[in-house]
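One structure is given below, encoded as C-alpha cells.
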Amino acid sequence: EEIKRARLLGRGGAGFTTGVKWESCSRQLVTPRVVVCNADEGEPGTFKDRVLLTSHADLVFEGMTIAAYVVGASLGFLYLRGEYRYLLEPLEATLQRRRAANLLGNGICGQPGFDFDIRIGAGSYVGGEESALIESREGKRGVPRNRPPYPVTHGYRQQPTIVNNVETLCAAALIAVRGGDWYRSLGTLKSSGTKILSV
C-alpha cells in the first residue's frame with residue numbers, strides 16, 4: 001500500500017506503476033515467485049545504475065528484499081551488465097555480509113517463513129524489455145516473448161516474476177523507511193519522487 005501510495009513509477013524507462021506490478025505478482029497462486037533487478041543499462045551515456053551499485057549496493061539489495069517480502073518471493077537475481085563485471089566481487093561481498101547479518105537467507109530478521117536470497121548473473125538481451133531479460137537469464141536467446149502472458153504471471157521458468165530497475169528498487173527501500181506520502185511530496189503530479197540523471 002505504501003508503494004502504491006507513493007505512486008512510484010518504474011525508473012527503467014517504461015514508467016509502469018510499481019505498486020500495481022507488485023500487487024499483481026503477489027496475487028498469483030503459483031509459488032515460488034521471483035524478483036529480478038535489471039542492472040543492465042545499455043543506453044549510450046547512461047551510468048546511474050553503476051553509481052548506485054558502486055556506492056549504495058545495500059540499498060539495491062534492501063529494495064530487492066522488500067520487493068520479495070511484498071510479493072512472497074524466495075529467489076532474487078541481479079542481472080548485471082557484462083561491462084560491470086568488475087563490480088561482481090564487491091557485490092558478492094555485500095551479499096555475504098547481508099547473509100551474515102540475517103538480512104538474506106532463511107528467516108530474515110527473525111521472521112519465520114521469510115526466506116529470500118539473491119544471486120548475481122550476467123548476460124545480454126535486446127532493447128531493455130523485461131521478458132527478453134528473463135529469456136536471457138534462462139540461458140536462451142535474449143529476445144522478447146509474445147505477450148500475454150506477462151512476467152508477473154509467467155516469468156522466470158514460468159514462475160510469477162517482477163523485474164525492476166536498480167533505481168526503482170532503491171526508491172522502494174527509501175519508501176519503506178519514509179513512507180509513500182514522503183515520496184509523493186517530491187517530484188511532480190504526474191511523476192512522483194526523484195530521478196537520477198547521468199551527465
Side-chain angles (χ1 to χ4, degrees), residues 10-14 18 21-22 25 28 30-43 46-100 103-106 108 115-145 147 149-170 172-173:
R11 294 312 199 212
T18 303
K21 181 188 281 191
W22 289 13
C25 187
Q28 301 306 309
V30 178
T31 57
R33 300 183 190 118
V34 182
V35 170
V36 177
C37 175
N38 180 358
D40 187 332
E41 57 182 348
E43 300 83 1
T46 305
F47 54 88
K48 65 183 181 59
D49 293 348
R50 182 184 71 199
V51 170
L52 290 170
L53 289 166
T54 302
S55 302
H56 303 286
D58 273 298
L59 193 63
V60 177
F61 294 139
E62 189 70 11
M64 291 180 72
T65 307
I66 289 164
Y69 184 77
V70 170
V71 306
S74 55
L75 178 61
F77 292 110
L78 176 74
Y79 190 97
L80 188 65
R81 180 167 177 74
E83 287 82 352
Y84 295 169
R85 187 164 178 79
Y86 68 92
L87 291 173
L88 183 60
E89 191 173 317
L91 290 171
E92 289 285 9
T94 301
L95 289 176
Q96 280 299 104
R97 185 170 37 77
R98 292 183 69 80
R99 290 182 190 112
L103 298 173
L104 285 174
N106 295 326
I108 293 174
D115 306 331
F116 177 70
D117 208 347
I118 297 169
R119 299 181 200 156
I120 301 175
S124 179
Y125 70 103
V126 176
E129 201 277 332
E130 63 184 5
S131 70
L133 183 152
I134 292 168
E135 288 285 295
S136 174
R137 185 68 192 104
E138 291 177 346
K140 302 172 190 168
R141 190 166 166 242
V143 296
R145 296 177 178 174
R147 296 180 181 212
Y150 294 91
V152 293
T153 61
H154 295 79
Y156 178 73
R157 297 188 175 166
Q158 300 303 304
Q159 299 161 351
T161 302
I162 57 168
V163 180
N164 286 117
N165 172 267
V166 170
E167 187 179 359
T168 307
L169 291 162
C170 287

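Please read these numbers as outputs of a predicted model, since none were measured by experiment.
- In this structure, the separation between CZ on F61 and CG on L95 is 4.0 Å, given to the nearest 0.5 Å.
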Mind running side-chain contact (heavy atoms from CB on, under 4.5 Å) on L75 and R119 for me, showing each step along the way? CA-CA 8 Å; L75 178 61; R119 299 181 200 156; 3.8 Å; yes
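- Smallest separation of non-hydrogen atoms from M64 and C37: SD-CB, 3.6 Å.
- Checked for salt-bridge contact, E130 and R147 meet the test: a charged N lies under 4.0 Å from a carboxylate O.
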Run the numbers on F116 and L104 for side-chain contact (heavy atoms from CB on, under 4.5 Å), then give the verdict. CA-CA 6 Å; F116 177 70; L104 285 174; 3.8 Å; yes
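- The main-chain N or O of P144 is never found under 3.5 Å from a side-chain atom of S131 such that the two would form a donor-acceptor pair.
- With values rounded to the nearest 0.5 angstrom, I162 atom CD1 is found 6.0 Å from C25 atom SG.
- Side chain of R33 to main chain of V71: a donor-acceptor pair is present (N/O by atom type, distance under 3.5 Å, no hydrogens or angles).
- Not one N or O on the side chain of R99 forms a donor-acceptor pair closer than 3.5 Å with the backbone of G105.
- How far CG of D58 is from CZ of R98: 5.0 Å, rounded to the nearest 0.5 Å.
- Without hydrogens or angle criteria, S136 side chain to A132 main chain gives no donor-acceptor distance under 3.5 Å.
- Rounded to the nearest 0.5 angstrom, L59 CG and T94 OG1 are separated by 12.0 Å.
- Considering CZ of F77 and CD1 of I120, their distance stands at 11.5 Å, rounded to 0.5 Å.
- Closest of all the heavy-atom pairs between G142 and E135 is CA-CB, 4.5 Å.
- Other residues, nucleotides and ligands contribute over 12 non-hydrogen atoms within 6.0 Å of the OH atom of Y84.
- Scanning both residues, Q159 and P32, for their nearest heavy atoms gives CB-O, 3.3 Å.
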Name the atoms and distances for all side-chain donor-acceptor pairs under 3.5 Å in residues 49-57, with sequence neighbours left out.
unit_1	atom_1	unit_2	atom_2	d
D49	OD2	N165	ND2	3.2
T54	OG1	R50	O	2.7

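- Shown here for L78 and A39, the closest heavy-atom pair between the two residues is CD1-CB, 3.8 Å.
- Taking CG of L103 as the start and CD1 of I108 as the end, the distance is 7.5 Å to the nearest 0.5 Å.
- Under 4.0 Å is where a charged nitrogen must lie from a carboxylate oxygen, and between R145 and E129 no such pair does.
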How far apart are the C-alpha atoms of N164 and K21, what are their side-chain angles, what is the distance that settles it, and do they pass the side-chain contact (heavy atoms from CB on, under 4.5 Å) test? CA-CA 10 Å; N164 286 117; K21 181 188 281 191; 4.1 Å; yes
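- Here the side chain of E138 pairs a donor or acceptor atom with the backbone of R157 at under 3.5 angstrom.
- Counting all heavy atoms, side chain and backbone alike, D40 lies closest to R81 at OD1-NH1, 3.0 Å.
- When all heavy atoms of P151 and I134 are compared, the closest pair comes out as CB-CD1, 3.7 Å.
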